[in-house]
Protein chains: 4
Amino acid sequence: MRRTKEEAEVTRANLLSAALKLFGENGVTATRLEDIARAAGVSRGALYWHFDGKGDIIIELLKTRTDSFFHVLDEALGVAGDPLDRISGALNSLMRHHENDVVFRDAMMLEFERAILDDRDNRFHAYLKQTTERYVKVFSAIIEEGKQYGSIRDDFPTPYLLQFLGALTTGVFMEYRLLSSGNALTPGVNRDAVIKLAIEALKA
Amino acid sequence: MRRTKEEAEVTRANLLSAALKLFGENGVTATRLEDIARAAGVSRGALYWHFDGKGDIIIELLKTRTDSFFHVLDEALGVAGDPLDRISGALNSLMRHHENDVVFRDAMMLEFERAILDDRDNRFHAYLKQTTERYVKVFSAIIEEGKQYGSIRDDFPTPYLLQFLGALTTGVFMEYRLLSSGNALTPGVNRDAVIKLAIEALKA
Amino acid sequence: MRRTKEEAEVTRANLLSAALKLFGENGVTATRLEDIARAAGVSRGALYWHFDGKGDIIIELLKTRTDSFFHVLDEALGVAGDPLDRISGALNSLMRHHENDVVFRDAMMLEFERAILDDRDNRFHAYLKQTTERYVKVFSAIIEEGKQYGSIRDDFPTPYLLQFLGALTTGVFMEYRLLSSGNALTPGVNRDAVIKLAIEALKA
Amino acid sequence: MRRTKEEAEVTRANLLSAALKLFGENGVTATRLEDIARAAGVSRGALYWHFDGKGDIIIELLKTRTDSFFHVLDEALGVAGDPLDRISGALNSLMRHHENDVVFRDAMMLEFERAILDDRDNRFHAYLKQTTERYVKVFSAIIEEGKQYGSIRDDFPTPYLLQFLGALTTGVFMEYRLLSSGNALTPGVNRDAVIKLAIEALKA
DNA sequence: GATGAATGAGCCTTCATTCAT
DNA sequence: CATGAATGAAGGCTCATTCAT
């Protein structure tokens, strides 16, 4: 069957979103290409026309993930005002997306997959590295800004504060993930409380 | 061939520790029974003499994990003095073990494996649940104690403080994990800083 | 590699006939999927493309067996004339097929495989039941007809005559089977004699 | 544990009867040595002390089978009187044993196991051959005797009558077997009717 | 662009057999 | 005599990947 370029694009997009959904639900390893193809309504052969294989799909998704993460982050941090408030807003925004946007959550969780972490041929490493570095840069900047501004404490080196913030964020993300597996510590995440406590810890 | 009862116990122990090590290094899914057996210096058949299969090994390891986790935790919390100091000490102890004791770290990380989280036949769920519940109980108690004692803030419900603490701990654990994959935010975890910030956030 | 639909059908048919042949020669249990695939000139993977596994192949073969058995039987019984003669003709026809058509013989013998008889998950049972019931119905009818017609003895209930006939048929079939294993009672089956004796026993 | 000679004999006998029972219930192939040993209350090692392996057990059982079969047969045929009556009695006796003596039935059925029929290394063949030949000799003799006596028809060569009789017997045995698998033609075997019909067919 | 067919490597599991104790 | 531990050869099945059409 000959298809137009637009139809092909649709197929490609369907494959990607099907893959992300299934990766999120069942994990990268447990998701077969067959599953992805079926969910996208095409055959495995079609998948191989659009992508070079499983790894290629993952890379595409990692790219998208970086984009959507920083899109949310930049928007939240890019407002005017006290940097600490903006950090608070950013945390809130990230967590809200995690809670409400399943695509966003699936994309974030991709990062914690062993299949990606233990990247034997270093295919994915670059994409993760890139995110990490940008994350560090963005947050370091705003923390520095907050110190200058006077709202963020000055008695800790920025990397330490960054680490505190990063760990907390990661931990909350994991809680969301554990919630869907029924293994979370508490029956739900109280966004406001966690953020308030984090912000207080950073406060000058 | 191992013949005596003691030698068999050694074989069994070797299999378990080989499994834990390999699960930690390469992930549960990527670890083949063949790998475990070879690392333990026996054949796959021997593995099946001691265990019912991969799942059975995982369950044994999860049991051990619970034991070692609470062993560390109880010891750290079980001293006299200000509950907040004891929490601080417990965090320190857990993180130190994570840093220095690779067996401990591998055991802790087992919990975040998708193969275990997405427990289709609910074989592992009970063991995770058990840990989670005990963790909640232990930490809730000491937080309450701290409130009574006057060193922990009283303006947040205990579950919220617990969640904050839990997320931070999980996040730091993940950082250790990411460090070994080369994907951590920072080149190392500064234990003291993270703990100090966390404790300050809880302080009355 | 077979690519077109027709070629795929050929592959499928080859797999089935190879399976039947090997089941007949070596038994169901002793036949490996590898053997079947190799005999059909394809890989084991191809086998799994066409069938769900060994059990699925068996079911297909059982279906075919029912068809070919009743095809032979109906044709032989469906002529005009004395029912007893028609029974005689049917026995003759079945035995001749057993002697000359190795595919027919293998298909018939499938039924006596323990792997099929001791059908733990009741997958095959339905197919056997179906054949048995139809066999009983067909032969009961013609025996009744023969009684009416006056050529078959009336002093025995039909089920008893049916049983006599069935046992004799089964026994002769087993003889053919034993012949190929070199364990038969006699160096060959004398069709005419056995049938004549059976028919005389039934005669009014 | 050191055991006396008598105890060892008991173990051996237990192993044999456990094996026969399990072979009868689940088939030779599906019965594991582990099953046999467990049913006999010993370990697999013990089994290997008494026997050389699965094949050795089968051979022992085949020997016993021959003995018990001819014991029943000889006793029934060895009376005085009309040979045809004695054949009738023998059939009755064999069928009665099949119906009532599970050990006898299991022993008889052993013969139809593929594992034994398709004896690749010809280990069992001799034992089967021996039975077959003796069976042929015994029945040929009594048929000849019946012809002489005048009660058995003279218009068929003895081998043909023998074959008729043998097939019928085998067929009835199979019916007993199928009964326990739930696949028999009729809900039970009517011994008297089948025998009467067979005898009439042979009658002079 | 897409499909259906086929490959082949790899994994889990079973089980007869061996053997030190 | 008997046990428990261990071996190793298969066998069934899965799945990423290839490719003619």
Side-chain angles (χ1 to χ4, degrees), chain A residues 1-5 7-12 29-37 41-55, chain B residues 1-5 7-12 29-35 37 40-55, chain C residues 1-5 7-12 29-35 37 40-55, chain D residues 1-5 7-12 29-37 41-55:
Chain A
M1 273 175 275
R2 204 133 280 268
R3 293 287 159 82
T4 66
K5 211 158 200 165
E7 283 176 315
E9 272 313 303
V10 169
T11 298
R12 196 189 135 91
T29 313
T31 300
R32 297 169 307 160
L33 295 189
E34 163 73 25
D35 299 330
I36 297 173
V42 292
S43 72
R44 262 178 306 180
L47 191 152
Y48 271 91
W49 196 90
H50 287 287
F51 305 97
D52 277 347
K54 212 175 185 178
Chain B
M1 257 187 268
R2 305 287 143 71
R3 312 291 170 160
T4 67
K5 217 157 209 159
E7 282 174 317
E9 274 312 306
V10 170
T11 298
R12 197 188 132 94
T29 312
T31 301
R32 298 168 306 157
L33 296 189
E34 166 71 25
D35 300 330
V42 292
S43 72
R44 261 180 306 176
L47 191 152
Y48 272 92
W49 174 259
H50 289 286
F51 304 97
D52 279 345
K54 214 175 185 179
Chain C
M1 255 188 271
R2 305 288 144 70
R3 314 291 169 160
T4 67
K5 214 156 209 160
E7 283 173 316
E9 272 313 305
V10 170
T11 297
R12 196 189 133 94
T29 312
T31 301
R32 298 169 305 159
L33 297 188
E34 165 72 26
D35 299 331
V42 291
S43 71
R44 262 181 305 174
L47 190 152
Y48 273 92
W49 173 261
H50 289 285
F51 305 97
D52 278 345
K54 213 174 185 179
Chain D
M1 274 173 273
R2 204 130 278 271
R3 293 286 159 82
T4 66
K5 210 157 199 165
E7 283 175 315
E9 273 313 304
V10 169
T11 298
R12 196 189 135 92
T29 311
T31 301
R32 296 168 308 160
L33 295 190
E34 164 73 25
D35 299 331
I36 298 174
V42 292
S43 71
R44 262 178 305 180
L47 191 151
Y48 271 91
W49 196 89
H50 287 287
F51 305 96
D52 278 346
K54 212 174 186 178

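Side chains are part of it too, since the values below use all heavy atoms of this structure and drop only hydrogens, waters and symmetry mates. In the text below, chain A, chain B and the rest are named by the order of the sequence lines, each starting its count at 1. Bear in mind that the values here come from a model prediction, so they are computed numbers and not experimental data.
Between D:I36 atom CD1 and F:dT3 atom P there is a gap of 15 Å when expressed in whole angstrom units. Distance, A:D35 CG to F:dA16 C1': 12 Å, rounded to whole Å. Look at CG on A:L47: it is 13 Å from C1' on E:dT3, rounded to the nearest Å. Atom-to-atom, CD of D:E34 to P of F:dA6 comes out at 16 Å; the value is rounded to the nearest Å. Rounded to an integer number of Å, the gap from D:F51 CZ to E:dT18 C1' is 18 Å. Atom CG in B:D52 sits about 13 Å away from atom C1' in E:dT14, given to the nearest Å. Atom pair A:K54:NZ and F:dT17:C1' shows a separation of 12 Å (rounding to whole Å applied).
Using a 4.5 Å cut-off on side-chain heavy atoms (C-beta onward), B:L33 and B:Y48 make contact. The closest side-chain heavy-atom distance from A:L47 to A:I36 is below 4.5 Å.
One cannot find a donor-acceptor pair under 3.5 Å joining the base of E:dT7 and the side-chain atoms of C:R44. For A:R32 against F:dT14, no side-chain N or O and base N or O form a donor-acceptor pair under 3.5 Å.
Of the two residues contacting DNA chain F, namely C:L33 and B:W49, the nearest-nucleotide position lying further toward the 5' end is that of B:W49. Comparing A:R12 and B:Y48 by the nucleotide of DNA chain E that holds the closest heavy atom to each, the one mapping nearer the 5' end is A:R12.
When heavy atoms are screened at a 4.0 angstrom cut-off, D:T31 is found touching the sugar-phosphate backbone but no base atom. Within 4.0 Å of B:G45, counting heavy atoms only, lies at least one base atom of the nucleic acid.
Atom CZ in C:R12 sits 13.0 Å away from atom CH2 in C:W49 (nearest 0.5 Å). Atom CD in C:E34 sits 5.0 Å away from atom CZ in C:R44 (nearest 0.5 Å).
When the C1' atom is used for both E:dG1 and F:dT21, the distance is 13 Å, rounded to whole Å.
Contact check, B:H50 against F:dG4: no side-chain N or O comes under 4.0 Å of OP1 or OP2. B:T11 has no side-chain polar atom (N or O) that falls below the 4.0 Å cut-off from OP1 or OP2 of F:dA5. The shortest distance between the side-chain N/O atoms of C:K5 and the OP1/OP2 oxygens of E:dG4 is not below 4.0 Å.
Pairing for E:dT21 goes to F:dA2, judged as Watson-Crick or G-U wobble with the two contacts each under 3.5 Å. Pair assignment for E:dA16 gives F:dT7, based on Watson-Crick or G-U wobble hydrogen-bonding distances that are each under 3.5 Å.
Residue D:A8 places its side chain closer to F:dA2 than to any other of F:dA2, F:dA5, E:dA6.
B:K54 contributes no side-chain N or O that, together with a main-chain N or O of B:R32, makes up a donor-acceptor pair within less than 3.5 Å.
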